[in-house]
Novice: 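Let me give you the structure first, and then I'll get to my questions.
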Amino acid sequence: MKIATWNVNSLNVRIGHVLEWLDIANPDILTLQEIKQLDEAFPADAFKELGYHAISSGQKTYNGVAIITKDKPSDIVTDFPDLEDPQRRILTATINNNRIINLYVPNGQTVDSDKYIYKLSWLEALIKFLKQEQAKHKNIIILGDFNIAPEDRDVYDAEKWGEEVLCSPKERAALSDIIDLGFCDVFRQFEQVEKSFSWWDYRAAGFRRNAGVRIDLILASKDLAKNCIGSSIDKEPRTWERPSDHTPVIAEFDI
DNA sequence: ATGGTCGGGGACCGA
């Protein structure tokens, strides 16, 4: 089973890229973030033509998440039970007995902002939700745009970035709390080239200079992670015309 | 500095 995550920064603009990439990469499951469109605008038919089921939790202008999957999704959840939130940032479904949790974690802006406080409370609600999911499901994969760089090696210039948002101790502690529930960042189970990133700033030739960060993650529950046979970042779509600032992250499982 | 959205200019948001 091949599973992937991609923050597309507007599905309206990137639908061509996504269809092209599905054709090339042929994943069984693809989770999307920042689709920035309402459910009524979601192009489910275009995915259906390629043989995929497609579900979305959409929002106008901002946020919005979707799951594209060869096998039928069931038991769909779009909200945390304990967080009243109009922002569409989570989409959970069961696919082939695997619980797929697609996340678009809030950015947080700066560590002294209200958005940062929202990010931390959102992560707290996520952890509560994950505990509930673990009580119900054995095989869980959490993937998406975490907006957290796990370690300094996940940042192009960690010294310059310091403890700013994406790298602040509180965010990283929240990510550690998630991992400690019994998950593995599968990308790090395999040898990777140094300075592997999943996002590059559009500005100042970020991609050309490889001035990026690795914030798009795939976390698998421990038993599942044992069956992970590879994980990679596909930089190719970032080279295409009018790209998203993120590129797909992939994990392959022998299941 | 760049890109998307909404709206019809420029503010907001992203990481």
Side-chain angles (χ1 to χ4, degrees), chain A residues 5-18 31-43 56-66 85-90 102-123 126 143-175 185 187 195-217 233 235 237-249:
Chain A
T5 179
W6 192 3
N7 179 324
V8 291
N9 186 17
S10 169
L11 187 55
N12 251 337
V13 174
R14 235 66 70 187
I15 181 64
H17 281 24
V18 174
T31 65
L32 304 176
Q33 303 85 36
E34 283 205 89
I35 64 170
K36 297 186 177 180
Q37 63 188 178
L38 293 168
D39 290 334
E40 48 261 48
F42 182 67
S56 65
S57 180
Q59 184 183 334
K60 203 175 182 178
T61 312
Y62 304 117
N63 313 312
V65 282
D85 190 359
Q87 301 190 30
R88 304 291 79 200
R89 295 180 173 277
I90 170 174
N102 176 19
L103 304 179
Y104 177 43
V105 177
N107 170 277
Q109 197 176 48
T110 56
V111 294
D112 57 0
S113 68
D114 288 344
K115 292 197 180 77
Y116 183 75
I117 293 165
Y118 166 64
K119 183 179 195 173
L120 294 180
S121 55
W122 195 93
L123 288 166
L126 168 65
L143 73 171
D145 179 354
F146 279 69
N147 269 320
I148 302 171
E151 302 173 68
D152 283 353
R153 63 175 164 163
D154 297 309
V155 180
Y156 73 98
D157 188 343
E159 205 163 309
K160 185 179 163 196
W161 207 287
E163 295 189 348
E164 295 302 317
V165 78
L166 310 191
C167 295
S168 73
K170 283 178 181 172
E171 296 165 67
R172 283 179 166 171
L175 182 59
D185 177 356
F187 185 77
K195 300 189 184 300
S196 287
F197 305 128
S198 64
W199 172 90
W200 300 264
D201 203 318
Y202 285 122
R203 298 167 294 183
F207 184 63
R208 188 179 54 73
R209 298 187 296 119
N210 196 29
V213 291
R214 188 178 72 94
I215 52 175
D216 299 274
L217 310 178
I233 295 170
K235 289 166 80 168
R238 190 61 174 77
T239 69
W240 294 348
E241 200 177 330
R242 213 180 172 194
S244 168
D245 43 357
H246 297 251
T247 210
V249 179

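Numbered from 1 within each chain, the chains take letters A, B, ... in sequence-line order.
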Novice: Rounded to the nearest Å, what distance is computed from the CD atom of residue Q59(A) to the C1' atom of nucleotide dC6(B)?
Specialist: 14 Å
Novice: Establish, with yes or no, whether the OP1 or OP2 oxygen of dA15(B) is under 4.0 angstrom from a side-chain nitrogen or oxygen of H246(A).
Specialist: yes
Novice: Does N9(A) put a side-chain nitrogen or oxygen below 4.0 Å from OP1 or OP2 of dT2(B)?
Specialist: no
Novice: Between the side chains of R88(A) and N63(A), does any donor sit under 3.5 Å from an acceptor?
Specialist: no
Novice: Mind checking the C1' distance from dC12(B) to dG7(B)? Whole angstroms is fine.
Specialist: 13 Å
Novice: Would you indicate what E34(A) reaches in the nucleic acid, counting non-hydrogen atoms under 4.0 angstrom: base, sugar-phosphate, or nothing?
Specialist: sugar-phosphate
Novice: To the side chain of R203(A), which of dT2(B), dG4(B), dA15(B) is closest?
Specialist: dT2(B)
Novice: Is any NZ, NE, NH1 or NH2 atom of the basic residue among D152(A) and R172(A) found under 4.0 Å from an Asp or Glu carboxylate oxygen of the other?
Specialist: yes
Novice: Quiz question: by atom type and distance under 3.5 Å, do the side chains of D112(A) and T110(A) form a donor-acceptor pair?
Specialist: yes
Novice: Which is true for Y156(A) with a 4.0 Å heavy-atom rule: it touches a base, it touches only sugar-phosphate, or it touches nothing?
Specialist: nothing
Novice: Check whether any side-chain nitrogen or oxygen of T61(A) sits under 4.0 Å from OP1 or OP2 of dC13(B), and answer yes or no.
Specialist: no
Novice: Nearest to the side chain of Y202(A), which nucleotide is it out of dG4(B), dG3(B), dC13(B)?
Specialist: dG3(B)
Novice: How close or far is atom P of dG4(B) from atom CG of N107(A), stated in whole angstroms?
Specialist: 17 Å
Novice: For L11(A) and dG3(B), give me the distance from atom CG to atom C1', rounded to whole Å.
Specialist: 16 Å
Novice: Please classify the nucleic acid contact of V13(A) as base, sugar-phosphate, or nothing, using heavy-atom distances under 4.0 Å.
Specialist: sugar-phosphate
Novice: Base, sugar-phosphate, or nothing: which does D145(A) touch, judged by heavy atoms less than 4.0 Å apart?
Specialist: sugar-phosphate
Novice: Side chain of Y104(A): nearest nucleotide among dT2(B), dA15(B), dT5(B)?
Specialist: dA15(B)
Novice: Of the nucleotides dA15(B), dT5(B), dC13(B), which one has an atom closest to the side chain of N12(A)?
Specialist: dT5(B)
Novice: Please tell me if R14(A) has a side-chain N or O lying less than 4.0 Å from either OP1 or OP2 of dG4(B).
Specialist: yes
Novice: With respect to the phosphate group of dC13(B), does any side-chain polar atom (N or O) of K115(A) fall under 4.0 Å of OP1 or OP2?
Specialist: yes
Novice: So N9(A) and Y202(A), side-chain contact (heavy atoms from CB on, under 4.5 Å) or not? Walk me through it.
Specialist: CA-CA 12 Å; N9(A) 186 17; Y202(A) 285 122; 3.2 Å; yes
Novice: Working to the nearest 0.5 Å, report the span between CD of Q33(A) and CG of L103(A).
Specialist: 8.0 Å
Novice: Which part of the nucleic acid, if any, lies within contact of D216(A), taking any heavy atom under 4.0 Å across all strands shown: a base, the sugar-phosphate backbone alone, or nothing?
Specialist: nothing
Novice: May I have the distance from K36(A) (atom NZ) to dG14(B) (atom P), rounded to whole angstrom?
Specialist: 9 Å
Novice: Considering only atom C1', compute the distance from dG4(B) to dG9(B) and round it to an integer number of Å.
Specialist: 16 Å
Novice: Might you point out which heavy atoms bring H17(A) and P243(A) nearest each other, and give the distance in Å?
Specialist: NE2-CA, 4.0 Å
Novice: Can you tell which of dA15(B), dC6(B), dC12(B) lies closest to the side chain of Y62(A)?
Specialist: dC12(B)
Novice: Find the distance N63(A):CG to dC13(B):C1' and express it as a whole number of Å.
Specialist: 10 Å
Novice: Just to confirm, is there a sub-4.0 Å distance from OP1 or OP2 of dG4(B) to any side-chain nitrogen or oxygen of R242(A)?
Specialist: yes
